[in-house]
S.K.: 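Quick one: the structure is below, questions incoming.
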Amino acid sequence: MPPKKRVECDIMFAKECTGPDVTYKMLQGDAELLKWLPTMKGEEVVLKGSPADEETDGGGAVLCTKGGTYEVTILETTNTCLLCKRSDGAEPRVIQGSVSETQVLKRIPPDVKRKLTRMLAEGGIESEAASEPSSKRARHYTTEELVGSIRASRDEVVAALAASRAVEDADGCWKMVSEVQVEECLETLLRIGAMEFDLTGFHYGKAMAVLSEYHDGVVVLACLKAFTEQVPSTDGEGKDKGDAEQQHCLSSKQVCLLHARKLFAERDLWDFEKFKEAWVSACPSEVVPAAAMLDGVAVMHSAKGAASVQYFPSDALPLTAKERVAAMFRVMDKWPKRVMEIYLQPLVGPGLKLTQILSRHTREFPVEGVPTCVPF
C-alpha cells in the first residue's frame, strides 16, 4: 500500500491546553450514536459504574444516554493524539488538548434485573411489617435514585420497573410486593371481585375500592398491574385516559402463566399431554390456557411422535447474542425460526437487528417446509 500523502502545517499550543482543570476524553461510537448526538438538546450523558458493580454484577463502566446503554472499552495508544478545532484553512492550527487513549462505545442490552431486584427487595412490604428491633429497616427508592444507581439508561430502568412486581406509592417510592401477596390478592379478585364487577371490563377505581378491604393498597396495585390489561378501545376515546379511567380486564395469559410456572417448579420437563391436563386443572375457570401462551417461557420437543415441553424462560438467558444463542442450542439442536426470533427479540436495539444476530450465529434451512435455524 503506498504511503499516505504527507501533510505539513504549523501548530501552536493554547495557553489553557494543559493543566489540572483541562481534561479531554475521546469517544468512538457507532453510526446510530453519532446520528443522535446533534439532537440531544440538553439531554444528559452519564458514565456509570463502580468497583461494587464489577464484584456483584460482573460489569465495568457504561455510558448511558436517555434511551440506551453503551459498554466502554478503553484502547490505549503509544502515540499522543493532539486535539484541535476543525481547520478553516488558516494557520497555525491551535492545539486545545491531547489524549493518549480512546474510549470505544458499544451498544449493549441493559442488565437491569439483578440490581433492580436487590434494591427493591430492601423496601418490600414484608420488611416494612417486621417489628423486631434487630430487623433491617426498609429502604425505599425513588425513580431518580434507581436511575442513578443502576448501570442502564433512564428509559431502560423505567421499562424494567413497569415489568416488575414493584409499584410506586404516593410519595414516589417504589415498593416490591412478594409473589405470595400478589397471588393471594388475585384469589380475592377472582372470588370476590367477580361478584362485584365484570372481570371483562372494569375501572381500577372500582377494583381498588373492593380489594383494598382485604389487602394493602400497594398489594392491590401490584396485583392489578400483574394480572390485568387494558381493554382495547374501539372508538379511540380511551386512548389518552389514565389507569383510573381506562377500562381493564383480567389478563388470561398472565393468570395462565402463573399456574404454568408453578407446574414447572415441580419439574422442568413434562410430557405435553400430561402438562396440558394439569395446566387446565390448575387454572381458574375464568381463563383458558393455550400452548401459544408459553412462547418465550417453554420450548416443545418432539421425538418418535411423542411431544414434551421444557421450561426455558427467555428472561433467564444471557444478554449477549453469542452466549444466548449458545445456551439455546444446548437445549435444542434445531430451532423453528419463529420461536428463535421470540428468544432473540430482547437483544434487538439500535445497532443490532434480528437479521444480524441470525446471520452471524445460525444457518437457516427448511424442515418439512418450516424455516429452521441450526448453529454454524
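Bear in mind that the values here come from a model prediction, so they are computed numbers and not experimental data.
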S.K.: Could you pull out all donor-acceptor pairs under 3.5 Å where a side-chain atom in residues 258-272 meets a protein atom, sequence neighbours excluded?
M.R.:
from, atom 1, to, atom 2, distance (Å)
K262, NZ, E183, OE1, 2.9
W270, NE1, L263, O, 3.3
W270, NE1, R267, O, 3.1
D271, OD2, E273, N, 3.2
D271, OD2, K274, N, 3.1

S.K.: Between the side chains of E184 and Y214, is a donor N or O closer than 3.5 angstrom to an acceptor N or O?
M.R.: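 No.
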S.K.: Any side-chain heavy-atom pair from L344 and V325 closer than 4.5 angstrom?
M.R.: yes
S.K.: Just so I know, are the side chains of V112 and T69 near enough to count as touching, which here means a heavy-atom distance under 4.5 Å?
M.R.: no
S.K.: Apply the hydrophobic cluster definition, ILVMFWY joined by side-chain contacts under 4.5 Å directly or through others, and give me every member besides V62.
M.R.: I108
S.K.: Do L146 and L120 have side-chain heavy atoms sitting under 4.5 Å apart?
M.R.: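 Yes, at least one pair of side-chain atoms sits under 4.5 Å.
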S.K.: If we ignore hydrogens and angles and just use 3.5 Å, is the side chain of T355 paired with the main-chain N or O of K353 as donor and acceptor?
M.R.: no
S.K.: If you define the side chain from C-beta out and look only at heavy atoms, does anything of F275 sit under 4.5 Å from L294?
M.R.: yes
S.K.: Residues in side-chain contact (heavy atoms from CB on, under 4.5 Å) with T80, at least two apart?
M.R.: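 L82, S98.
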S.K.: Taking side-chain contact (heavy atoms from CB on, under 4.5 Å) as the definition, give me every residue that meets it alongside D315, ordered by chain and number, with sequence neighbours left out.
M.R.: K113, P313
S.K.: Verify the distance criterion only: is there a donor paired with an acceptor across the side chains of T200 and D198 at less than 3.5 Å?
M.R.: yes
S.K.: If you define the side chain from C-beta out and look only at heavy atoms, does anything of V94 sit under 4.5 Å from C84?
M.R.: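 They are not in side-chain contact.
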S.K.: Residues in side-chain contact (heavy atoms from CB on, under 4.5 Å) with V158, at least two apart?
M.R.: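 V158: side-chain contact (heavy atoms from CB on, under 4.5 Å) contacts with T143, R154.
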S.K.: So, the side chain of Q246 versus the backbone of V231: is there a donor-acceptor pair under 3.5 Å, distance only?
M.R.: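 The answer is yes, because a donor-acceptor pair under 3.5 Å joins these two groups.
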S.K.: Would you tabulate the side-chain donor-acceptor contacts of residues 334-343 under 3.5 Å, counting partners in other chains and residues two or more places apart, or write 'none'?
M.R.:
from, atom 1, to, atom 2, distance (Å)
W335, NE1, M328, O, 3.0
W335, NE1, M332, O, 3.1
K337, NZ, E364, OE1, 3.2
R338, NH1, D295, OD2, 3.2
Y343, OH, F312, O, 2.8

S.K.: Here's a test for you: under side-chain contact (heavy atoms from CB on, under 4.5 Å), which of H248, Q247, E196 qualifies with F202?
M.R.: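 With F202 as partner, side-chain contact (heavy atoms from CB on, under 4.5 Å) holds for just one option, H248.
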S.K.: Does the R324 side chain pair with the main chain of L319, one donor and one acceptor, at a distance under 3.5 Å?
M.R.: no
S.K.: Taking C-beta and beyond as the side chain, do E76 and S100 meet within less than 4.5 Å on heavy atoms?
M.R.: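 No, side chains not in contact.
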S.K.: Does K276 use its side chain to pair, donor to acceptor, with the backbone of P289 at less than 3.5 Å?
M.R.: no
S.K.: How about Q310 and H301: does a side-chain donor come under 3.5 Å of a side-chain acceptor?
M.R.: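 Per modelled atom types, Q310 and H301 side chains form a pair under 3.5 Å.
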S.K.: What is the minimum heavy-atom distance between C64 and K48, and which atoms define it?
M.R.: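 Closest approach of C64 to K48, heavy atoms only: SG-CD, 4.0 Å.
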S.K.: Can you measure from CZ (R151) to CD (E71) and round to the nearest 0.5 angstrom?
M.R.: 8.5 Å
S.K.: Taking the side chain from S281 and the backbone from A278, do they hold a donor-acceptor pair closer than 3.5 Å?
M.R.: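 No; judged by distance alone, with no hydrogens or angles, the pair does not exist.
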